[in-house]
Asks: 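I have a structure I would like to understand better, so I am pasting it below and will then ask my questions one at a time.
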Amino acid sequence: MKLSEIAAHIGARVWGEAGDVAINRVCGIEEAGTGDLTFVSNPKYAALAKSTKATAVIVAEDFPKIGATTLRTANPYYAFARALELFYQPPAYAPGIHPTAVIDPSARVGSHAHIGAYVVIGPNVKIGDRCTLLPHVVIYEGTSIGDHFFAHAHAVVREHCEIGNHVVLQNGAVVGGDGFGFAKESGAWYKIVQSGIAALEDNVEIQANACVDRASVGETRVAQGAKVDNLVQVGHGCRVGAHSMLCAQVGLAGSTELGKNVVLAGQAAVAGHCKIGDGVIITAQSATSHDVEAGRMISGSPAIDNKQWLRCVAAFNRLPEILKQLRSLKLPETQE
Amino acid sequence: MKLSEIAAHIGARVWGEAGDVAINRVCGIEEAGTGDLTFVSNPKYAALAKSTKATAVIVAEDFPKIGATTLRTANPYYAFARALELFYQPPAYAPGIHPTAVIDPSARVGSHAHIGAYVVIGPNVKIGDRCTLLPHVVIYEGTSIGDHFFAHAHAVVREHCEIGNHVVLQNGAVVGGDGFGFAKESGAWYKIVQSGIAALEDNVEIQANACVDRASVGETRVAQGAKVDNLVQVGHGCRVGAHSMLCAQVGLAGSTELGKNVVLAGQAAVAGHCKIGDGVIITAQSATSHDVEAGRMISGSPAIDNKQWLRCVAAFNRLPEILKQLRSLKLPETQE
Amino acid sequence: MKLSEIAAHIGARVWGEAGDVAINRVCGIEEAGTGDLTFVSNPKYAALAKSTKATAVIVAEDFPKIGATTLRTANPYYAFARALELFYQPPAYAPGIHPTAVIDPSARVGSHAHIGAYVVIGPNVKIGDRCTLLPHVVIYEGTSIGDHFFAHAHAVVREHCEIGNHVVLQNGAVVGGDGFGFAKESGAWYKIVQSGIAALEDNVEIQANACVDRASVGETRVAQGAKVDNLVQVGHGCRVGAHSMLCAQVGLAGSTELGKNVVLAGQAAVAGHCKIGDGVIITAQSATSHDVEAGRMISGSPAIDNKQWLRCVAAFNRLPEILKQLRSLKLPETQE
């Protein structure tokens, strides 16, 4: 494909003969060679742009001039995503219902559905148009699902849950499993019926083997556009705000609320009954059991302000030296 | 339903006309309005009880008087659980074996079983009475399962495992998967045959996508009444004591023993070959590689006594200031 | 079985009448009694060898003399693994294709395959000889799989992935699920097509519910002999070096490279775009967002040199005392 065609597709400009060059693939900057289009959005790779053998590089508008042809754009990562679509599309699944699918007679499935082998759809389920359910997906009774739903093999939606439009479930995702609710009585744990649901709004994606529990009462809600990575736990009664991002192995205990545009990096966690404001960033492996004001970036376990934490960590790494200094003061208490 | 009926069901008292009021639902205190019954067990929500618009509130015996009608009980959370059952029951599954279930002729399934679509039951499996196996559950050969077993879609029990009565598996739970046992030989990992089993005693619940590995030799055992949340890892050869609770994403490495009534909060972990005494609490994201005496509460990674840890964390957060003070002493070693 | 036969099998020596004794099982040293063979490889259990009632113990060549008969070998753990195989073999699955398996006509399956109930194999899949696919395994289109593949129930291999010989997938493992790639555009997350694949080389094992994501571009690769435990996350574009070991719940963010013989203990993590050298050990719950030189052992979050970390942790646990000492200095800044 000509570079000029790609440029037009992604809304970048390329001048003259530079646009006539053929691009064979889109790839990462470290692998890129002749005929390749690559990109720089992570500053960590900016230096590589100078020495890359790629034929062309998608860069930010203000990126320094380099040897390779550049496609300049306000959002190189997004432009890369758009360019990549010109070279690869995931498998398409033609409309049709596999004869082995077990669909309850009371269920309603919209038009242009692809229902794969061994899919099970329970009573009173409503599924919108242009949905794809790959093999072994199970939709429990009473669930309502919008249009353009895409569920990979072994994904599950439990009873009475509510799923918006354009929702994607990767393999093994569990939406609406029972919350972890038990009351201690006479020395044993008594299971609390999980009467609530889990709701996923439009454009939510839940990735592989992640779990969004149903609520004891009311609902667990993942608001529109939020993305939930592999092996994440969203506890019962939580609310995840719009366009928030939960990276792999993040955990939210019960009844916690995240605002909009919150980012929890890998393995981060929030205890139960907390309110995390809009735009909060919790860095990897960090955790809080307190409310967090909007816009803050916090780190550590328990988490504090990220900048203060960085200073504390630097000091922590010098603690043995600090102790040594204290000993040199020969205070009575420091004798050993 | 009349409040007096609910009160009678949960063993609380309500006097006179207050008992005649109609309750339409049971819900959380923040959502509760007219016609709702709610509860306070978490002290974090006690203040809300004063201003709630709920018609009635389940509270502890010694809870202060509030505007709303109160149902007083020794265990409000348990009472809430019991009240909730009057308003919601999860789907019931009528006895019957779906024609697509593949059940080995040598397997024995007890009375009143519900066996869903595409369930696979291997040779020499024994399953007790009144069991529910939802679609796509797979029971490997030689497994023994008690009465009232309930397995959600895609749960798996591996070969020769032993499951007690009233055991619940949520979606994607894996019981008896191979332990992570490899011996290094000639520079490569040699797989150790996992000859042991996993055993779940009565009233154990394993939640979604959690894994309880089989043992190399002997058994992995989860004792009666223990509850294991989503995405938990129980390594090979572990023993989880009765009524212990492993919250989401907890990890136990191999051959570790937990006593009774142990609580591991979210993402906590114990290294291999440790003994954790009865009643130990390990707070969220904490981990230990040592034995822990009964009754202790530990925190941090590596974990220490919780109270000491709280003091240490407070000091950690002041480390930059401490360093500054040290520098002000103008000790030779602190010059930079 | 005679002890002398076991000794011959594992390459150990036993003299005279000691070899005539009958061994009934192989088990852990704490459970071992008369008629049992056990082993000591973990130094934590060495003391138990003196008092064990086991009939024989596999030990290292230089292990002290004990009461029980010893089988001496350079690698006791490996010898134990080999001995165990004489007493237990996991279930064997006879060649044959279950009539309920849905295999696309364009797929090619090698000789001596065992294809279980409800297995789904997509278009243009190639599977080698002597493979075992247990019930509900799903192989997406265009995947290439070598010989001696063993996939437990509910394992999944996604489109176009490449699997070597002797690969094992435990239950619920997901190979090639979409990477967590989204570009922010106009305030929303735009999904980046995950055009790459996941590749598992020979002798890789992925355990239960672990996820190895496909790459945005290029590939995610787990090199030969690497072992990946339950609930591990391998992000898109990562490379895991040969014979590396990722223990349970480990997380690798995107585009990170691990060298050969790397060990990540339970719940450890590496941020994106890092290079971890050969032989690095990252201890449990530790994490790094930096490159790490070959051969290092690091700990903490963020991780530092293990030995320094141990000193820092010891000091951390004394921080309250340190603060007290500082206060005793009556510096102006320490007054409260």
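Letters A, B, ... mirror the listed sequences (proteins, then strands); counts begin at 1.
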Asks: Examine B:Arg158 relative to B:Tyr140 and say whether NZ or CZ is less than 6.0 Å from the centre of the six-membered ring and inside a 45° cone about the ring axis.
Replies: yes

Asks: Please lay out, stage by stage, how C:His166 and C:Phe149 fare under the test ring-ring contact (aromatic ring centres under 6.0 Å, His included).
Replies: CA-CA 5 Å; C:His166 292 281; C:Phe149 177 64; over 10 Å; no

Asks: Is the closest basic N to carboxylate O distance between B:Lys275 and B:Asp291 below 4.0 Å?
Replies: no

Asks: Tell me, for C:Leu310 versus chain B, whether the close heavy atoms (under 4.5 Å) come from the side chain, the backbone, both or neither.
Replies: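 No part of it gets close to chain B.
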
Asks: Could you look at C:Glu85 and say if it's the side chain, the backbone, both or neither that has a heavy atom under 4.5 Å from chain B?
Replies: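 Contact with chain B: backbone and side chain both.
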
Asks: Please look at B:Ala314 and chain C and tell me whether the side chain, the backbone, both or neither of the residue comes under 4.5 angstrom of a heavy atom of that chain.
Replies: neither

Asks: Below 4.5 Å from any heavy atom of chain C, which atoms of B:Ile304 appear? Answer side chain, backbone, both or neither.
Replies: side chain

Asks: Of the backbone (N, CA, C, O) and the side chain (C-beta and beyond), which part of B:Ala173 lies under 4.5 Å from a heavy atom of chain C, both, or neither?
Replies: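 The answer is neither part of B:Ala173.
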
Asks: B:Val156 versus chain C, heavy atoms under 4.5 Å apart: side chain, backbone, both or neither?
Replies: side chain

Asks: Could you look at B:Gln233 and say if it's the side chain, the backbone, both or neither that has a heavy atom under 4.5 Å from chain C?
Replies: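 Looking at B:Gln233, backbone and side chain both touch chain C.
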
Asks: Would you sort out whether C:Tyr77 and C:Phe39 count as a ring-ring contact (aromatic ring centres under 6.0 Å, His included), showing the intermediate values?
Replies: CA-CA 7 Å; C:Tyr77 198 41; C:Phe39 74 105; 5.8 Å; yes

Asks: Apply ring-ring contact (aromatic ring centres under 6.0 Å, His included) to the pair C:Phe80 and C:Tyr78, showing each step before the final yes or no.
Replies: CA-CA 5 Å; C:Phe80 153 72; C:Tyr78 171 66; over 10 Å; no

Asks: Does a donor on one side chain and an acceptor on the other come within less than 3.5 Å for B:Ser216 and B:His236?
Replies: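 There is such a pair between these side chains.
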
Asks: For chain C, which of B:Gly272, B:Gly237, B:Ser286 has the most heavy-atom pairs under 4.5 Å?
Replies: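 Option with the greatest count: B:Ser286.
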
Asks: B:Asp213 versus chain C, heavy atoms under 4.5 Å apart: side chain, backbone, both or neither?
Replies: side chain

Asks: Under a 4.0 Å N-O cut-off, is there an ion pair linking C:Glu205 with C:Lys227?
Replies: no

Asks: Please confirm whether the backbone N or O of C:Gly259 pairs with a side-chain atom of C:Ser244, one donor and one acceptor, at under 3.5 Å?
Replies: yes

Asks: Using 30° and 60° as the class limits, which term best fits the ring planes of B:Tyr118 and B:His98: parallel, tilted or perpendicular?
Replies: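 Ring orientation of B:Tyr118 relative to B:His98: tilted.
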
Asks: Considering only heavy atoms, which portion of B:Ser186 lies under 4.5 Å from any heavy atom of chain C: side chain, backbone, both, or neither?
Replies: neither

Asks: At a heavy-atom separation under 4.5 Å, does B:Val250 approach chain C through its side chain, its backbone, both, or neither?
Replies: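 Contact with chain C is through the backbone of B:Val250 alone.
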
Asks: Side chain, backbone, both or neither: which part of C:Val228 has an atom under 4.5 Å from a heavy atom of chain B?
Replies: backbone

Asks: Which bit of C:Asn203 comes within less than 4.5 Å of chain B, counting heavy atoms only: side chain, backbone, both or neither?
Replies: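 Neither part.
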
Asks: Within this structure, what is the CD-CD distance for the pair C:Gln224 and C:Glu201, rounded to the nearest 0.5 Å?
Replies: 6.0 Å

Asks: Between C:Asn317 and chain B, with a heavy-atom cut-off of 4.5 Å, which part of the residue counts as in contact: side chain, backbone, both or neither?
Replies: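 Backbone plus side chain of C:Asn317, per the 4.5 Å heavy-atom cut-off to chain B.
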
Asks: For the residue pair B:Ser106 / B:Asp104, report whether a side-chain donor-acceptor contact shorter than 3.5 Å exists.
Replies: yes

Asks: In terms of heavy-atom proximity below 4.5 Å to chain C, should B:Ala117 be classed as side chain, backbone, both, or neither?
Replies: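 No part of it gets close to chain C.
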
Asks: I need the residue from B:Asp305, B:Asp178, B:Val102 with the largest number of non-hydrogen atom pairs under 4.5 Å to chain C.
Replies: B:Asp178

Asks: May I ask you to decide whether B:Glu321 forms a salt bridge with B:Lys324, counting only side-chain N to carboxylate O separations under 4.0 Å?
Replies: no

Asks: Can you tell which part of B:Val232 gets under 4.5 Å to a heavy atom of chain C, answering side chain, backbone, both or neither?
Replies: backbone

Asks: Would you mind checking which part of B:Leu319 comes under 4.5 Å of any heavy atom in chain C, side chain (CB onward), backbone (N, CA, C, O), both or neither?
Replies: side chain

Asks: Could you tell me which portion of B:Ala208 (side chain, backbone, both or neither) has an atom closer than 4.5 angstrom to a non-hydrogen atom of chain C?
Replies: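 It is neither, since no heavy atom gets under 4.5 Å.
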
Asks: Backbone N or O of C:His243 within a donor-acceptor pair of the B:Trp189 side chain at under 3.5 Å?
Replies: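 Present.
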
Asks: With chain C, which of B:Ala210, B:Ser301, B:Gly177 has the greatest number of heavy-atom pairs at distances under 4.5 Å?
Replies: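 That would be B:Ser301.
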
Asks: Here's a test for you: under side-chain contact (heavy atoms from CB on, under 4.5 Å), which of B:Val157, B:Ile145, B:Ile163 qualifies with B:Ile127?
Replies: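 Answer to the side-chain contact (heavy atoms from CB on, under 4.5 Å) test with B:Ile127 among B:Val157, B:Ile145, B:Ile163: B:Ile145.
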
Asks: Side chain, backbone, both or neither: which part of B:Glu185 has an atom under 4.5 Å from a heavy atom of chain C?
Replies: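 The answer is both parts of B:Glu185.
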
Asks: Chain B heavy atoms under 4.5 Å from C:Tyr45: which part of the residue, side chain, backbone, both or neither?
Replies: side chain

Asks: Looking only at heavy atoms and a cut-off of under 4.5 Å, which of C:Gly172, C:Ala153, C:Ala242, C:Gly225 has the most pairs with chain B?
Replies: C:Ala153

Asks: Name the member of C:Ser299, C:Pro91, C:Cys247 that forms the most heavy-atom pairs with chain B at distances under 4.5 Å.
Replies: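 Ranked by heavy-atom pairs under 4.5 Å with chain B, first place is C:Pro91.
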
Asks: In terms of heavy-atom proximity below 4.5 Å to chain B, should C:Leu84 be classed as side chain, backbone, both, or neither?
Replies: both

Asks: Side chains of B:His136 and C:His136: any donor to acceptor distance under 3.5 Å?
Replies: yes

Asks: Please look at B:Ala253 and chain C and tell me whether the side chain, the backbone, both or neither of the residue comes under 4.5 angstrom of a heavy atom of that chain.
Replies: neither

Asks: For the candidates B:Gly142, B:Cys312, B:Ala183, which exhibits the highest count of non-hydrogen atom pairs separated by less than 4.5 Å from chain C?
Replies: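 Most heavy-atom pairs under 4.5 Å with chain C: B:Cys312.
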
Asks: Evaluate the criterion ring-ring contact (aromatic ring centres under 6.0 Å, His included) for residue pair C:Phe150 and C:His152; output intermediate values, then yes/no.
Replies: CA-CA 7 Å; C:Phe150 195 115; C:His152 276 282; 4.8 Å; yes

